[in-house]
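Naming convention: chains lettered A, B, ... in sequence-line order (proteins, then strands); numbering from 1 in each chain.
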2 protein chains.
Amino acid sequence: MEQPLDPYLQRTLTQMRRGTLELAVLLAIARQQEAYASDIVTELERANQLIVEGTLYPLLARLREEALVSYRWEESASGPPRKYYQLTDRGKHALSALQTSWHETITSLTQLAAK
Amino acid sequence: MEQPLDPYLQRTLTQMRRGTLELAVLLAIARQQEAYASDIVTELERANQLIVEGTLYPLLARLREEALVSYRWEESASGPPRKYYQLTDRGKHALSALQTSWHETITSLTQLAAK
DNA sequence: TATAGTACCTTGTATAGCAAGGTACCTAGG
DNA sequence: CCTAGGTACCTTGCTATACAAGGTACTATA
């Protein structure tokens, strides 16, 4: 039973997603070696990270432009062809750098929260 | 010795800050009971969270509009008067809610990162 | 009466999440 | 056939916010 969220909290959580979605998507791709958009959505849902198409497709396009991921087309028996994404070497390095920053952020906030 | 950052990483880290700065500022105020802008900057620097004036002042104004903080003026012997901020009850609740979301996010990403 | 230090705040720009809407492929039922 | 439903890709418009840069004003000191 979900309560409707305070608009303030809603907005702030959206901002929080900005910092983590890109990392989460890179992790989801890394985890599966190869993934197309629906795989990523499913993988993130499993981890309670919601992402919608209007967010994911532009994000994948950015990752592509930055050469963090590459893709290949694959035909599907049950619909249009799919773009399967995989991490490039550059993507693996970026993922590693982001994880480091992420851990530093956790450390900082943990320290701030300690009385 | 700081290396100049990859512009991509730079941008992404800025996005990461979006999600955490508001939480960090609320924590910094809570920690000190009362704080003015410079106190907050100092407190965050100590935790390795950089924040600049052009970010902090608008953020404090937003917190004020949302009634998460209130302030009182205090004269200073060494310059212009200062605005000392403190959390309101609503602010304490919001802080608590944000911390909960923050921990959930950590859990999600930790789960995604686990092989 | 300058100059330096402190403290407040605003303007303009770029970025990215999201709602909503669009195109096109495939299969199955009538 | 051809229409409906499911799948998959993508775009447009809106909004929020971090940050660089610039601005005002108070106090103390030389």
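- Protein atom OH of A/Tyr8 is 13 Å distant from nucleotide atom C1' of D/dT17, rounded to whole Å.
- The stretch residues 61-87 of chain B comes close to DNA chain C through B/Ser78, B/Pro80, B/Pro81, B/Arg82, B/Lys83, each having a heavy atom under 4.0 Å from the strand.
- Taking each heavy atom of B/Glu22 and B/Leu63 in turn, the nearest pair found is OE2-CD2, 3.7 Å.
- Checking side-chain atoms of B/Arg18 against main-chain N and O of A/Arg17 turns up no donor-acceptor pair under 3.5 Å.
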Exercise answer: donor-acceptor pairs, residues 46-53 of chain B side-chain atoms, under 3.5 Å, sequence neighbours excluded:
none

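- Atom P of nucleotide D/dC19 and atom CG of B/Leu21 are separated by 6 Å, given to the nearest angstrom.
- The CE-P distance, from B/Met16 to D/dT17, rounds to 18 Å in whole Å.
- Considering every non-hydrogen atom in both A/Gln32 and A/Ala35, the closest pair reads OE1-CB, 3.6 Å.
- Within 4.0 Å of A/Arg11, counting heavy atoms only, lie sugar-phosphate atoms of the nucleic acid but no base atom.
- Read 5' to 3', the first and last nucleotides of DNA chain C with an atom closer than 4.0 Å to a heavy atom of chain A are C/dT15 to C/dT27.
- Only one option out of A/Leu95, A/Leu59, A/Thr55 pairs with A/Val25 in a side chain to side chain contact (heavy atoms under 4.5 Å, CB included); it is A/Leu59.
- For B/Tyr57 and D/dA21, the OH to P distance is 18 Å, given to the nearest whole Å.
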Return a table of donor-acceptor pairs under 3.5 angstrom between the side chains of residues 64-71 of chain A and protein atoms on other chains or two or more places apart.
{"unit_1": "A/Glu66", "atom_1": "OE1", "unit_2": "A/Arg90", "atom_2": "NH2", "d": "3.2"}
{"unit_1": "A/Glu66", "atom_1": "OE2", "unit_2": "B/Arg11", "atom_2": "NH2", "d": "3.1"}

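- The residue A/Arg18 sits close to a base: some heavy atom pair falls under 4.0 Å.
- The existence of a salt bridge linking B/Arg72 and B/Glu34 is confirmed by a sub-4.0 Å separation between a basic side-chain nitrogen and an acidic carboxylate oxygen.
- Residues A/Gln33 and A/Gln86 have side chains that never bring a donor and an acceptor to within less than 3.5 angstrom of each other.
- Nearest-nucleotide positions on DNA chain D place A/Leu60 closer to the 5' end than the other of A/Thr12 and A/Leu60.
- Summary of the strand contacts: B/Gln15 and A/Glu53 both lie near DNA chain C, and taking for each the nucleotide with the nearest heavy atom, the more 5' one is attributed to B/Gln15.
- Using a 4.0 Å heavy-atom distance criterion, B/Thr55 is classed as a base contact.
- Heavy-atom distances under 4.0 Å link DNA chain C to B/Tyr36, B/Ala37, B/Ser38 of residues 24-42 of chain B, given in residue order.
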Sequence neighbours left out, cut at 3.5 Å: what donor-acceptor pairs do the side chains of residues 99-106 of chain B make with other protein atoms?
{"unit_1": "B/Thr100", "atom_1": "OG1", "unit_2": "B/Ser96", "atom_2": "O", "d": "3.0"}
{"unit_1": "B/Ser101", "atom_1": "OG", "unit_2": "B/Ala97", "atom_2": "O", "d": "3.2"}
{"unit_1": "B/Thr105", "atom_1": "OG1", "unit_2": "B/Ser101", "atom_2": "O", "d": "2.9"}

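- The OG1 atom of B/Thr20 sits 9.5 Å away from the CG atom of B/Leu44 when rounded to the nearest 0.5 Å.
- Taking all atoms of both residues into account, the shortest heavy-atom contact from A/Leu56 to A/Ala37 is CD2-O, 3.6 Å.
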